[in-house]
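Here's the structure, in structure tokens; my notes come after.
Every chain is numbered from 1, with letters handed out A, B, ... down the list of sequences.
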Amino acid sequence: MEFNFNEIDKQIKDFWQQREVYKVSNDSAKPKAYVLDMFPYPSGAGLHVGHPLGYVASDIFARYKKMKGFNVLHPMGFDAFGLPAEQYALETGQHPAVTTEKNIARYKQQLDNIGFCYDWSREVRTSDPQYYKWTQWIFLQLFKSWFNRKTQKAEPLTTLIASFEQTGNRDIPAPGNEHFSFSAEEWKNYSEQEQRTILMQYRLAYLDHAEVWWCEALGTVLANDEVVNGVSERGGHPVEKKKMRQWFLRITEFADRLIDSLDKLDWSDAMKEMQKNWIGKSEGAEILFYLTPSPSPAERETSGEVGVKTANSVFTQTFNEEVEQPKYYTTNRQTWHDHLPKAKAMRHQPTEAERIMWQELRGKKLGVKFRRQHPVRYFIPDFVCLQNGLIVEIDGGYHNNPEQQEKDAVRTKILSEAGYTIIRFSNDEVIKNITDVLNRIRKTIEDLNGRSDTTHSDVARPDILPRGEERRGVIEVFTTRPDTIFGVDFMVLAPEHELVSAITTASQKAEVEQYVAYVKSRSERERMAEKKISGCFTGAYVQHPFSGKKIPVWISEYVLAGYGTGAIMAVPSGDERDHAFAKYFNIPITNIFGEKYSGEAAVSDNNVRIENSDFLSGLAVTEAAEKVMGLLEYNEIGHRKINYKLRDAGFSRQRYWGEPFPIVYQNDIPYALDEAAVNLPEALQQLPLELPHVDQYKPGPEGEGPLANIDNWVYVKNNDGETLKRETNTMPGYAGSSWYFLRYMDPGNETEFADKKATDYWKQVDLYIGGTEHAVGHLLYSRMWTKALHDLGYLSFDEPFKRLLNQGMIQGSSRLVYRIPGTQKFVSSGILKNYPVVDKIHVDIHIVNGVELDIKAFKKIKNGEYANAEFILDDGGKYICGVETEKMSKSKYNVVNPDDIVAQYGADTFRMYEMFLGPIDISKPWDTKGIEGVHRFLKKFWRLFYNDNQELNAKESWLVTAEKATEAELKILHKTIKKIEGDTEKFSFNTAVSQFMIAVNELSDLKCHKQEILDPLVRLITPYAPHIAEHLWQALGGYTSSVTQAPFPVCEEKYLIENRKVYPVAINGKARTNMAFSLDAAQDFIEATVLKDDVVQKWLDGKAPKKIIFVKGKMINIVV
RNA sequence: GCCCUGGUGGUGGAAUUGGUAGACACGCAGGACUUAAAAUCCUGUGAGCAGCAAUGUUCGUGCGGGUUCAAGUCCCGCCUGGGGCACCA
């Protein structure tokens, strides 16, 4: 009987379906295993051969675990919201729900063709209202929660509000707005609107502003993907960045936990590395640099610290130009605001010495007005007389230690540079001899009054900073190398930094604006990848906190607004990009590395000593950094800071086909539908908030999504008759995919996203298989959602995927034709070198035979766009296409449909061939050649059971006997069981397939048709080739159960024991001969025997061996 | 640019993790069966050199160095393919 795979596939599928062998129960005495695939987006192109690679792997593993006695959850579903369906709707008018439904039906059929063991009763679809009801619900949990940094957990907002009412936010700074503080009293006095604005700064799902690509011509917001070479992909229209109000998830608060709990996970190091790098934790310091008037011509000439005019005419400013002087206060407004509460607190708890001193100074007792604990610059000195710039400080006894003195020296220096005079007294002096102290203060006041030119420029106390006003007068930078602070030669702000327009001088204005406009058209990636250096001087200067040097402030696209503070201190001698920038713009470079710095390249080595750096000279990098950070903190001009590359996740899309937000706005303040404050009718509070039907998918006004066009949906009336506005954005693709693995556990639940009992039973996904293209995005978001749900008490675990296996991508092998630009002439790839400039055009692989183009078919495609094409053929008279390996996608016309392969070779061949292609985690192009080998193997396997002569019927051709198996046969079987089990456990599926081939080859050679061998062999191959296995299993025993429920065979070591080993014998590491020895032979005996060997003798050539290396069970090496 | 990952015969890949490089397949060549084809089976197949041959011998895992008795595997420096870089999923 012939191996008729098509018939077998069909029969076996029916057999499984009738018996519901894949139905999974949440109630079982067996141990559980959860094996999950990343669910697909059902695209219009259908499933291609790349998708099943991971699915086959997980299916094999799931089946294997089942046979090993586990209750296995192995579900499948669809990530059904997304941009392509909406694009398609825009083009054709077909509703995304309709096309999605159609695509899903096709996907399911394609998946079933391959024989996966999914329990379809657990299918989920993210676009199903019964599913996204819970996506919306989880969103609201995030909206109503905050991250408590003390407990490192998400908590309901109620705990935050309780804390505000008790102590204000002094101990709980708002993420990203740490300077903003209020008291309990103030909190209670805020209006509801103000309170909600504050709460928004804490919510895990919050509103903020962010830039999106905006295309005026299309009237829509575009995805990065839709912007190609700086213009829209559709139509090639210009695009620019536009700020819009968007939802965000505060994933940054979870950054540390996302890093730390990676240790608990069984993921590849590469994957963990990628996640860590994405989160990008780096330790360093934030440092304040105060703006200062530009240096005088004299300062410029003598210091030589400022660049001169270059070819790029960046220093076009003339030296005598009047630069607008910043207005000086004792400190800038921000610092004042930051310090005032602290100063007040200090006033209330004076030390004994301070109390005595204040009694003597207050009320102009010395003739001048003193203030106590009054912020000046970065400090809060004890007593200040603003009239003549005198500061009186009282030090504790600890100021005698050298470290403290050094810190104070810096403080004194900064204040002196600002024009203040500082006198210090110790506690003892004040307490024991206040008269003497006061005399000295009087004397100093007299001296100062006698001085005609009081140089300190502070005039008055500043107003308290209004809430929300940005920091002015100071540039804050983040650096990971505070040790290099004396090497700072210039500052660079991101062009979109909020201070840029404020600090730019009149003469630089035009140039800066031009540069900012240029950058606005550039994507972040372009900016990072750009090798060409560009930038622009703002005309502004800041003052170095330690040296007082005046430092020019530039802007450049290599500094990104979103990272750190959006500003850097540039140290050309220590940073490659800063170095290139300084060289390009001719900015003088300060060398702080001595001989290590050649003048040609920045010193990237961290194992150096800092030189030419005042109090840091001679220190190693880490010592210097510590010292600087200590000084910065003590003097309040900066602080240690841990910075993350990770940004909060943008969570809105100006699109139609996604989950609507269960949010309404009242007076522009967002509320959850069910919040009492907005008083919506009961019916409007219910989830799901269904996506309304639309007939048009055109974007709404002002870049809003299509939902904004539906007035009768957007505007709702509450019970008080007020009109509220709905959120018109929808959620992004990753919303639904961030928690779908939970829904599979309890897919039909109407009252919860999943029953706690179900999540407690299935817990984490034991094995998650998917492509590396999701390495960061999806996995990071899922991890965050799981953590949040765990913290809020809904889950007992806080990591979703215990073990992760990344399948490599199956790439397409694209075919290209080359057109001479502006013509209809196509050049064969063989003679391409004669035509240096050509357009590359993808052609459908189905009209290419190997690499030869079917010219007739080509002329017919695209409605005859190429009907008149001419071809410049190569010598063989053929048109040979170019070949490129790239992602398999519809747009590249390189998609191979698994259905075709299954029809031609059967599902089992397809499954095993995908596995045989190579290691699961390696990317490889799809290539059908070689599939014959796997198919032949299955036929050969079949012939162990049946004579495949077509004329014989099943009974006549049956070969299996009840004969007793030989030692040799048992050895083949058990070695195969061992290898398959080991390979399956470690996902080495390609070598497992090859072991099956070896076993079948060997058994065929032995003409083995014995049930004793073949019965376990059939069970062994079941996970890999379930259809043929089921058929043979039924034929073998007429079993009533399915082989998929049979036990996996067990390897018996007793058949595998070897007592001899053929050793390779090497001379100087090169194998020269083989010699067999018993495994328990003594080393002496082996060495002696080996040396007698003819071949060894020949290579020894009479010389005595220097050394003999014998590794038991491995090899023998003789060193001559 | 940054992060991750790969590079081994004509091709896909294997190599117990430092111990005989090329398992298992594809392809190709030769042969058997057949009127023929398909299917199946057998033999050979990294390259060079020597030899009628058995065989011997040198080279060989992207490139250049290094460590080691021994390197595809470890270290340093390059070249190069692929994936990701936050609105494709």
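- Checking the phosphate oxygens (OP1, OP2) of B:U16, no side-chain nitrogen or oxygen of A:Lys986 falls inside 4.0 Å.
- Comparing the C1' positions of B:C76 and B:G60 gives an interatomic distance of 23 Å, to the nearest angstrom.
- Under the side-chain hydrogen bond (donor to acceptor under 3.5 Å, both in side chains) criterion, A:Gln275 pairs with A:Arg783, not counting sequence neighbours.
- Two rings, from A:Phe39 and A:Phe78, have their centers 6.0 Å or more apart.
- Looking only at distances, no side-chain donor or acceptor of A:Asp79 sits under 3.5 Å from a matching main-chain atom of A:Pro40.
- A:Lys645 places its NZ atom 10 Å from the P atom of B:C4, with the value rounded to the nearest Å.
- Among the atoms of the strands shown, only primed sugar atoms or phosphate atoms (P, OP1, OP2) are found under 4.0 Å from some heavy atom of A:Asp79.
- Distance alone, capped at 3.5 Å, is enough to place a donor-acceptor pair between the A:Thr126 side chain and the A:Ala80 backbone.
- Rounded to an integer number of Å, the gap from A:Asp983 CG to B:G13 C1' is 14 Å.
- Using modelled atom types, one side-chain atom of A:Asn1117 and one backbone atom of A:Gly1069 make a donor-acceptor pair closer than 3.5 Å.
- At distances below 3.5 Å, at least one donor-acceptor pair connects side-chain atoms of A:Lys272 with backbone N or O atoms of A:Leu265.
- Rounded to whole angstrom, the span from the CE atom of A:Met912 across to the C1' atom of B:A25 amounts to 12 Å.
- Within residues 271-280 of chain A, the residues having any heavy atom under 4.0 Å from RNA chain B are, by residue number, A:Glu273, A:Met274, A:Asn277, A:Trp278.
- In the set B:A14, B:A86, B:U20, the nucleotide with an atom closest to the side chain of A:Asn990 is B:A14.
- Backbone-only engagement by A:Leu917 is indicated by non-hydrogen atom pairs under 4.0 Å involving sugar-phosphate atoms exclusively.
- In this structure, A:Trp739 has its ring center under 6.0 Å from that of A:Tyr131.
- Toward the 5′ end of RNA chain B lies the nearest nucleotide of A:Gln995, the other residue of the pair A:Gly82 and A:Gln995 mapping further downstream.
- A:Gln654 and A:Asn729 share a donor-acceptor pair across their side chains, judged by distance under 3.5 Å alone.
- Mapped onto RNA chain B by nearest heavy atom, A:Pro40 and A:Met997 fall at different nucleotides, with A:Met997 at the one closer to the 5' end.
- One finds no side-chain N or O of A:Arg647 lying less than 4.0 angstrom from the OP1 or OP2 phosphate oxygen of B:A86.
- At a threshold of 4.0 angstrom between heavy atoms, the contacts of A:Ser43 with the nucleic acid are absent.
- For A:Val1111, taking side-chain heavy atoms from C-beta onward, the closest of the listed nucleotides B:G19, B:U20, B:C87 is B:G19.
- Between A:His51 and A:His48, the ring planes are tilted. Angles from 30° to 60° get that label.
- Base orientation of B:G9: syn, the glycosidic angle falling within 90° of 0.
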With 3.5 Å as the limit, what N/O pairs link the protein to nucleotides 75-82 of chain B?
unit_1, atom_1, unit_2, atom_2, d
B:G82, O2', A:Gln811, NE2, 2.6

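- Ring geometry for A:His774 versus A:His778: interplanar angle over 60°, hence perpendicular rather than tilted (30 to 60°).
- The residue A:Gln246 sits close to a base: some heavy atom pair falls under 4.0 Å.
- Across B:G13, B:C87, B:U11, the shortest atom-to-atom separation from the side chain of A:Lys929 is found for B:U11.
- Between A:Lys1114 atom NZ and B:U20 atom C1' the separation is 12 Å, expressed in whole Å.
- Within 4.0 Å of A:Val993, counting heavy atoms only, lies no atom of the nucleic acid at all.
- Nearest to the side chain of A:Tyr41, among B:C87, B:A15, B:A89, sits B:A89.
- Between the A:Lys924 side chain and the A:Pro919 main chain, a donor and an acceptor come within less than 3.5 Å of each other.
- When base pairs are accepted only as Watson-Crick or G-U wobble with both N-N or N-O distances under 3.5 Å, RNA chain B takes part in stems of 3 or more pairs at B:1-7 with B:79-85, B:10-12 with B:24-26, B:27-32 with B:40-45, B:46-50 with B:55-59, B:62-66 with B:74-78.
- Per the geometry, CD belonging to A:Glu526 stands 12 Å off P belonging to B:A86, to the nearest Å.
- Of the C1' atoms belonging to B:G22 and B:U8, the separation is 8 Å, rounded to the nearest Å.
- The separation between A:Lys1070 atom NZ and B:G19 atom C1' is 14 Å, rounded to whole Å.
- Taking atom C1' in both B:A53 and B:G44, one finds a spacing of 15 Å when rounded to whole Å.
- Distances from the side chain of A:Leu83 to the nucleotides B:A89, B:G19, B:C87 place B:A89 closest.
- Ring planes of A:Tyr913 and A:Trp926: perpendicular class, angle over 60° (limits at 30 and 60°).
- Residue A:Trp1099 places at least one side-chain N or O under 4.0 Å from the OP1 or OP2 atom of B:U57.
- Donor-acceptor pairing under 3.5 Å is lacking for the side chains of A:Glu2 and A:Tyr946.
- With its glycosidic angle more than 90° from 0, B:U8 is assigned anti.
- Distance from the side chain of A:Phe916 is smallest for B:G12 among the nucleotides B:G12, B:A86, B:C87.
- One atom, CE of A:Met1115, and another, C1' of B:A71, lie 13 Å apart when rounded to the nearest Å.
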What's touching nucleotides 40-43 of chain B from the protein side, N or O pairs under 3.5 Å?
unit_1, atom_1, unit_2, atom_2, d
B:U40, O3', A:Arg943, NH2, 3.1
B:C41, OP1, A:Arg943, NH2, 3.0

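- Here, B:U45 and B:G83 have their P atoms 38 Å apart, quoted to the whole Å.
- A:Arg1072 has a side-chain polar atom (N or O) that falls below the 4.0 Å cut-off from OP1 or OP2 of B:U58.
- In this structure, A:His778 reaches neither bases nor backbone, as no heavy-atom distance under 4.0 Å exists between it and the strands shown.
- Rounded to whole Å, the distance from NZ on A:Lys1061 to C1' on B:U20 is 9 Å.
- The side chain of A:Ala270 sits closest to B:U5 out of B:C59, B:U20, B:U5.
- Between A:Arg527 and A:Glu496 there is a salt bridge, with a side-chain nitrogen of the basic residue lying less than 4.0 Å from a carboxylate oxygen of the acidic one.
- Rounded to whole Å, the C1' atom of B:G72 lies 8 Å from the corresponding atom of B:A21.
- Separation of the C1' atoms belonging to B:G27 and B:G9 is 12 Å when rounded to the nearest angstrom.
- Panel note: side chain A:Asp921, backbone A:Asn806; no donor-acceptor pair is recorded below 3.5 Å.
- Screening A:Thr991, A:Ile1021, A:Leu938, A:Val934 for a side chain to side chain contact (heavy atoms under 4.5 Å, CB included) involving A:Phe996 leaves a single residue, A:Ile1021.
- No engagement by A:Ile1116 is indicated, since no non-hydrogen atom pair under 4.0 Å with the nucleic acid exists.
- Contact annotation: side chain of A:Glu226 to base of B:C88, donor-acceptor pair absent below 3.5 Å.
- Sorted by first and then second residue, the side chain to side chain donor-acceptor pair (under 3.5 Å) pairs involving residues 1062-1076 of chain A (not counting sequence neighbours) form an empty list.
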